[in-house]
Protein chains: 2
Amino acid sequence: MIERHLARLRLRHEISESDVALIRGAIAEVREIPAGRTLVEAGERLRVSTLVLDGLLCRYKDMKDGQRQIAELHVPGDFADLHSYTLKRLDHSILTLTPCRVAVVPHVELARITKASERLAYVYWFSTNLDAAIHREWVLSLGRRNALARMAALFCELQARLQVVALADQTGFALPLNQTQLAECLGLTSVHVNRVLKELRTRDLVTFRGGHVSIRDLAGLQRVAEFDPGYLYLERQPAD
Amino acid sequence: MIERHLARLRLRHEISESDVALIRGAIAEVREIPAGRTLVEAGERLRVSTLVLDGLLCRYKDMKDGQRQIAELHVPGDFADLHSYTLKRLDHSILTLTPCRVAVVPHVELARITKASERLAYVYWFSTNLDAAIHREWVLSLGRRNALARMAALFCELQARLQVVALADQTGFALPLNQTQLAECLGLTSVHVNRVLKELRTRDLVTFRGGHVSIRDLAGLQRVAEFDPGYLYLERQPAD
DNA sequence: CGCACTCTTGATGGTCATCAAGACGGGTGG
DNA sequence: CCACCCGTCTTGATGACCATCAAGAGTGCG
């Protein structure tokens with residue numbers, strides 16, 4: 001059930017069987033949630049964190065006029081709001097973008113298992129720091145990449161992250177979003193996203209259609225994006 | 001010496017005297033560093049974290065063509081790279097923007113004190129999550145605010161953060177940056193920053209001159225920025 | 001079959017980048 | 001002491017990128 005989460009953790013860190021048992025024991029409940037459901041409202045007091053088993057979620061913030069900015073996408077294996085364990089309330093909302101299956105992990109359980117295992121405490125701290133690294137890359141994208149490079153960078157990031165949990169390969173992956181949601185990730189309008197997707201298709205780099213990303217030329221896409229996967233920390237972390 | 005760091009921590013969390021002693025004991029060295037020095041290169045293996053005692057630092061990433069994006073500013077009392085404790089190497093560089101005085105905290109000491117005190121482990125985890133919250137607000141700024149609102153939001157954020165360490169009040173604060181560096185925070189060019197500053201001055205909201213931000217109308221500035229300090233978690237965190 | 005949502009494309013305009021040049025100001029050396 | 005120099009600031013002119021507005025086509029669903 002938590003295989004994808006374990007795959008994600010074990011890519012970077014050695015995780016013992018006793019730690020796996022602790023994680024399994026921390027899950028209070030598994031829930032199915034339809035698409036478009038706001039799991040967490042910004043500001044509400046939280047007492048559980050949400051582990052994504054299946055589906056896509058996002059963290060987003062809104063402006064008063066209704067403009068939305070998505071700050072991060074969450075794929076299976078991710079905790080969507082592990083940081084709520086220390087923050088108690090969040091500065092953003094969390095929304096399901098597709099139907100999701102999630103595991104609910106109460107904060108009291110997180111307290112228990114991180115006390116029981118220094119290793120898990122460390123690994124989960126790392127995990128929230130990885131979210132921050134992704135945020136920084138998005139800051140770079142929004143601040144300095146043009147629309148085409150931004151889109152390319154998003155596709156490169158998702159390809160790399162989904163590959164970790166065997167949901168992508170070199171040729172593509174499922175991405176059941178519409179162009180408006182892509183725009184909300186990229187700080188663009190859906191109209192411009194449409195034009196950019198056309199340009200990527202024309203350049204024979206990638207095709208986005210029917211919720212599927214078909215990569216024609218991954219190296220070319222990465223070149224357009226100036227993609228450097230370093231920020232995803234995909235390598236085994238030094239034991240030290 | 002670490003009064004500002006303690007003020008920052010104690011705003012949000014109760015910190016016992018024994019924890020203070022642990023923090024003090026973790027400092028290996030205090031260094032003075034001139035402005036414009038790259039403290040950390042992206043990718044290098046780190047074994048220490050840096051606590052800012054005095055001065056201003058930033059985390060930044062560069063594009064190949066030399067364009068720079070600053071992802072966060074660090075003020076006295078902040079750890080500039082606490083996250084390197086778990087990440088080992090960083091996805092960004094760290095630069096002094098002014099002459100700085102910093103305390104060097106080896107990762108082995110961080111390991112020691114977070115093992116000795118669950119409370120400190122928790123508080124420092126919170127601290128890195130707060131950095132992530134700031135990143136998210138910058139994502140929102142870069143994605144959805146226009147140049148004027150972005151600048152206003154930056155000033156509001158710095159006013160609030162510097163007030164915590166008694167380096168700002170309602171009327172303003174020192175900000176020894178040039179317009180190019182502001183542009184690197186905001187995803188703009190220095191030329192446009194100049195025009196935006198003029199507009200803010202004309203509207204009688206804020207004056208930036210000679211490295212000092214003079215706030216004429218804080219409420220008005222916050223309105224322009226749609227500033228909501230929630231993401232800075234300035235309130236005492238629930239004990240639970 | 002009709003409705004709602006999404007996608008697509010064109011036309012127009014605004015925000016911000018780029019290029020260029022002059023002003024200002026602080027520091028240095030002749 | 002003043003001339004010079006360099007970094008920074010300032011302003012204008014022009015243009016690119018992306019937003020906005022609008023309308024029609026495609027698609028899935030009740």
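Just so it is clear, the structure is predicted and the values come from calculations on it, not from any experiment.
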> Any donor and acceptor pair, going by atom type alone, linking the side chain of B:Asp91 with main-chain N or O of A:Gly230 inside 3.5 Å?
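Side chain of B:Asp91 to backbone of A:Gly230: no pair is present.
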
> Ring centroid separation for B:His92 and A:Tyr231, is it under 6.0 angstrom?
no

> Applying side chain to side chain donor-acceptor pair (under 3.5 Å) between A:Thr128 and each of B:Thr128, B:Asp131, B:Asn129, report the one that passes.
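Result: among B:Thr128, B:Asp131, B:Asn129, B:Asn129 is the only option passing the side chain to side chain donor-acceptor pair (under 3.5 Å) with A:Thr128.
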
> Below the 4.0 Å mark, does C:dT8 have OP1 or OP2 next to a side-chain nitrogen or oxygen of A:Arg209?
yes

> How close or far is atom P of C:dT8 from atom CZ of A:Arg201, stated in whole angstroms?
6 Å

> Taking only the side-chain nitrogens and oxygens of A:Gln179, find out if one of them lies under 4.0 Å from OP1 or OP2 of C:dT8.
yes

> If you count every heavy atom of other residues, nucleotides or ligands that lies below 6.0 Å from B:Arg216 atom CZ, does the total exceed 12?
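It does not: B:Arg216 CZ has 12 such atoms or fewer within range.
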
> Rounded off to whole Å, could you give me the CG-to-P distance for the A:Asn178 and D:dT27 pair?
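In whole Å, D:dT27 P lies 16 Å from A:Asn178 CG.
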
> Rounded to whole Å, how long is the line connecting atom CD of A:Gln69 with atom P of D:dA19?
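Value for this atom pair: 11 Å.
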
> I'd like to check A:Trp138 versus A:Leu73 (side-chain heavy atoms, cut-off strictly below 4.5 Å). Are they in contact?
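SC-SC contact between A:Trp138 and A:Leu73 confirmed.
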
> Roughly, in whole Å, what's the span from CG in A:Leu177 to C1' in C:dT6?
13 Å

> Above 12 or not: heavy atoms from other molecules or residues under 6.0 Å from CZ of B:Arg201?
yes

> When you compare the protein's N or O atoms with those of nucleotides 18-21 of chain C, which come within less than 3.5 Å of each other, and at what distance?
residue : atom : partner  : partner atom : Å
C:dT18  : O4   : B:Arg195 : NH2          : 3.4

> State plainly whether the residues A:Lys61 and B:Glu137 are in salt-bridge range, i.e. N to O under 4.0 Å.
yes

> Over how many whole Å does the gap from A:Gln181 atom CD to C:dT6 atom P extend?
8 Å

> When you check the phosphate oxygens OP1 and OP2 of D:dT11, does a side-chain N or O of B:Lys198 lie under 4.0 Å from one of them?
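Yes, within the criterion.
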
> Select from A:Arg144 and A:Ser190 the residue whose nearest nucleotide in DNA chain C is closer to the 5' end of that strand.
A:Ser190

> When we call it a touch if two heavy atoms are under 4.0 Å apart, what does A:Gly187 touch: a base, just sugar-phosphate, or nothing?
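The answer is sugar-phosphate, as A:Gly187 gets under 4.0 Å only of primed atoms, P, OP1 or OP2.
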
> Nearest whole Å is fine: how far is D:dC9 P from B:Glu199 CD?
19 Å

> C:dG10 C1' sits how many Å from A:Asn194 CG, rounded?
12 Å

> Rounded off to whole Å, could you give me the CZ-to-C1' distance for the A:Arg145 and D:dC17 pair?
17 Å

